[in-house]
Amino acid sequence: MATSSSFLHSFGRTPASAITPVLLCLVLVLAVLPPARLLLLALMDLPAGDQGAMWSMLSNPSTWRATGNSLLTSGLATLLSVLLGTILALLVTLTDIRAKGFWVFMIMLPMMIPPQVTALSWLQLSGPGSALLQMLDLAPALGSPQHLRSWWGISLLMGIQHAPLVYLALRSSLMALPKELIEAARLAGASQRDVVRDMILPLCRNGLLAGAAIAFVSALGNFGIPAMLGIPVSYYVLPTLIYQKMADFGPDMLADVSSLSVMIGVVALVGVIAQQRFSANMPLTGMPGRPLAFSLGPARWKAELALLLLVLVIVVVPLIALVSSSLVAAMGVPLTLETASLNAYEQIIFHQSVTFRAFSNSTLLAASAALILACLCLPMGYLFVRFPSRVNTVLQGIIDVPYAIPGVVLAVACILLFARPLPLIHVTLYGSLGLILFAYLSRFMTVCLKPIQSSMLQLDPALEEAAQLCGAGPLRRLRDIVFPLLAPAAFAGMLLVFLIAINELTVSALLWSAGNETLGVLVFNLDDGGETVLASAVAVLIVLMVLVLMLCLSALGKRLPQGVIPWRN
């Protein structure tokens, strides 16, 4: 009998040939058209020479100042992410500490909390108006500078925000270590420290470098943290400079932001290529079985205490400060039993129409994007796994591009693409929720596809072969066997997209308009307008929603194949 792959190829050729052109068109529209439109405008501008927008931006000192700021903050943030991510991965993955599921959940929480909420929580923790510090009588004197509004403050928060990315990349390498080599070294008398330094870290070098590359790209495109911390003190990085150019709305605005977007996009793509190259050069995996684990012995409680202190400092205490700031009447008022109130929540929920509108818009956009992408990625995941080809490999690489490039670049590309009404139907998406939805579909396609593809790789082809031998046609096999088995992974992908999209700011910051606000934009605008207490209340509600969604995903993860939920240990 023919092998499984050839057998599937023979009886699945009909659905594959029918699905491929449709998927190809959808991928081209969602993933290729926006960046291509941006690149085309930049190429058309080059022949203009010194008179063109590209050369004008390159000769502008503010461009190079913002570029230097971006490289500085992203580089320092990457170093911190690598340090934190490596320590956490080694402790949680390779040692016998207890409650690993709890630690992994807490490690992943900073990445799932929106960056603007992270920045706001730290601002409420460290400033002279901090309700928490005032309650503890530790607040700086009124009028003291907010030191987080600086290059090192931006680097610190982005380093914490993206440390989970390094953790995930390094954990994948640690789980695939050739355990027999490690055990042989231990039997030869090598200490745990020697094994980690001389064997484990060198073997995991590519995973560590891949995590560092993706952390750098994420920091380079981060908008929420540099906007909340940098704009008030005129410290601009490339994403916030693009935002500022858009806000100025001058005659050459689109040409200027397009040129800046191409610059940051090129730097980001270099980082993405480096990450993919390191990921492709992972070392050989070891024998199957239980993961490698070191016994810490009497030092285990010290490691657990260190983890607890780290989680308290980078996650719990800033969130407590955020909650404290939402319970006072105004910034600068100490939090006591007499001054504590829920007025901010009452104002936000019952008296601010923009809150209900932003919540409705975010929920509608996130749910629509999640549902549409699940319907699109189910057949796409089946096609990529069961019918590998050069075309499918190229498609997978193209799908990753909108998520890899900075969100502001994708937003500018979408603005350029839909600045004019659509041909034939003469309908414009500019300034509408439809434009934000299109950007979400483009950006989060790979987020929904990865869980489905991971689940599909673990689906035994024998099930489809047996159904085919019983006379089931291709479409019936997909309907009755493949798609039902992939449904939990598709639902997990939908939840991941919903979780990320409902709090998104980087894309929507440039695409929103009056009446089309999202939750991320609402927090940013409230804080920017001086309504810090109201912004804190909205941020607390967002964190609660993130926690609930993550807990739902964790509960669902027990019924899913490995690798579907990123923080499942």
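This is a predicted model, so every value here is computed, not measured. By convention here, the first residue in the shown sequence is residue 1.
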Quiz prompt | Residues that Tyr440 engages under ring-ring contact (aromatic ring centres under 6.0 Å, His included), provided they are two or more places apart | solution = Phe444
Ignoring hydrogens and angles, tell me if any N or O in the side chain of [X] forms a donor-acceptor pair with the backbone of [Y] under 3.5 Å.
X      : Y      : value
Ser74  : Ser70  : yes
Ser442 : Leu30  : yes
Ser130 : Gln124 : yes
Gln146 : Leu148 : yes

Nearest-0.5 Å distance, [atom1] of residue [X] to [atom2] of residue [Y]:
X      : Y      : atom1 : atom2 : value
Ile348 : Leu522 : CD1   : CG    : 6.0 Å
Gln453 : Phe384 : CD    : CZ    : 7.0 Å
Ser325 : Ile320 : OG    : CD1   : 12.0 Å
Leu549 : Ile502 : CG    : CD1   : 7.0 Å
Ile452 : Met494 : CD1   : CE    : 9.5 Å
Leu416 : Ser261 : CG    : OG    : 7.5 Å

How far apart are the closest heavy atoms of [X] and [Y], and which atoms are they?
X      : Y      : value
Pro232 : Arg149 : CG-NH1, 3.1 Å
Cys448 : Pro451 : O-CD, 3.4 Å
Met158 : Ser81  : O-OG, 4.0 Å
Val217 : Ala268 : CG2-O, 3.5 Å
Leu80  : Ile160 : CD2-N, 4.2 Å
Ala535 : Asp527 : CB-N, 3.9 Å

What pairs of donor and acceptor atoms, side-chain ones from residues 360-369 against any protein atom, are under 3.5 angstrom apart with sequence neighbours left out?
from, atom 1, to, atom 2, distance (Å)
Ser360, OG, Phe356, O, 2.8
Asn361, ND2, Arg357, O, 3.2
Asn361, ND2, Gly515, O, 3.3
Asn361, ND2, Glu517, O, 2.9
Ser362, OG, Ala358, O, 3.1
Ser362, OG, Leu519, N, 2.7
Thr363, OG1, Phe359, O, 2.7
Ser368, OG, Leu364, O, 2.7

Practice problem: List the steps, then state whether side-chain contact (heavy atoms from CB on, under 4.5 Å) holds for Trp512 with Thr518. | Solution: CA-CA 8 Å; Trp512 76 280; Thr518 62; 5.7 Å; no
Identify every side-chain donor-acceptor pair in residues 102-122 under 3.5 Å, counting partners at least two apart or on other chains, and give the distances.
from, atom 1, to, atom 2, distance (Å)
Trp103, NE1, Arg98, O, 3.0
Gln116, NE2, Asn503, O, 3.4
Thr118, OG1, Pro114, O, 3.4
Thr118, OG1, Gln161, OE1, 3.1
Ser121, OG, Val117, O, 3.3
Ser121, OG, Thr118, O, 2.7

Quiz item: Has Tyr235 got more than 12 heavy atoms of other residues, nucleotides or ligands less than 6.0 Å from its OH?
Solution: yes
Min side-chain heavy-atom separation [X]-[Y] under 4.5 Å:
X      : Y      : answer
Tyr430 : Leu435 : yes
Leu429 : Ser432 : yes
Ile405 : Leu269 : yes
Leu510 : Val257 : no
Thr532 : Ser536 : yes
Val447 : Tyr403 : yes
Lys450 : Ile399 : no

Quiz prompt | Audit row: Met380, Leu395, side-chain contact (heavy atoms from CB on, under 4.5 Å) steps and yes/no | solution = CA-CA 10 Å; Met380 192 181 299; Leu395 285 178; over 6 Å; no
Quiz prompt | salt bridge (Lys or Arg N to Asp or Glu O under 4.0 Å) partners of residues 24-39, not counting sequence neighbours, each pair once | solution = none
Practice problem: Sequence neighbours left out, what passes side-chain contact (heavy atoms from CB on, under 4.5 Å) with Leu342? Give chain and number order. | Solution: Leu327, Tyr345
Exercise. Quick one: list whatever passes side-chain contact (heavy atoms from CB on, under 4.5 Å) with Val29, sequence neighbours left out.
Key: Leu33, Phe438
Quiz prompt | Trace of the side-chain contact (heavy atoms from CB on, under 4.5 Å) decision for Ile349 with Thr355 | solution = CA-CA 7 Å; Ile349 296 174; Thr355 305; 5.7 Å; no
Quiz item: Between Val408 and Met246, does a side-chain contact (heavy atoms from CB on, under 4.5 Å) hold up when you go through it step by step?
Solution: CA-CA 11 Å; Val408 291; Met246 290 284 291; over 6 Å; no
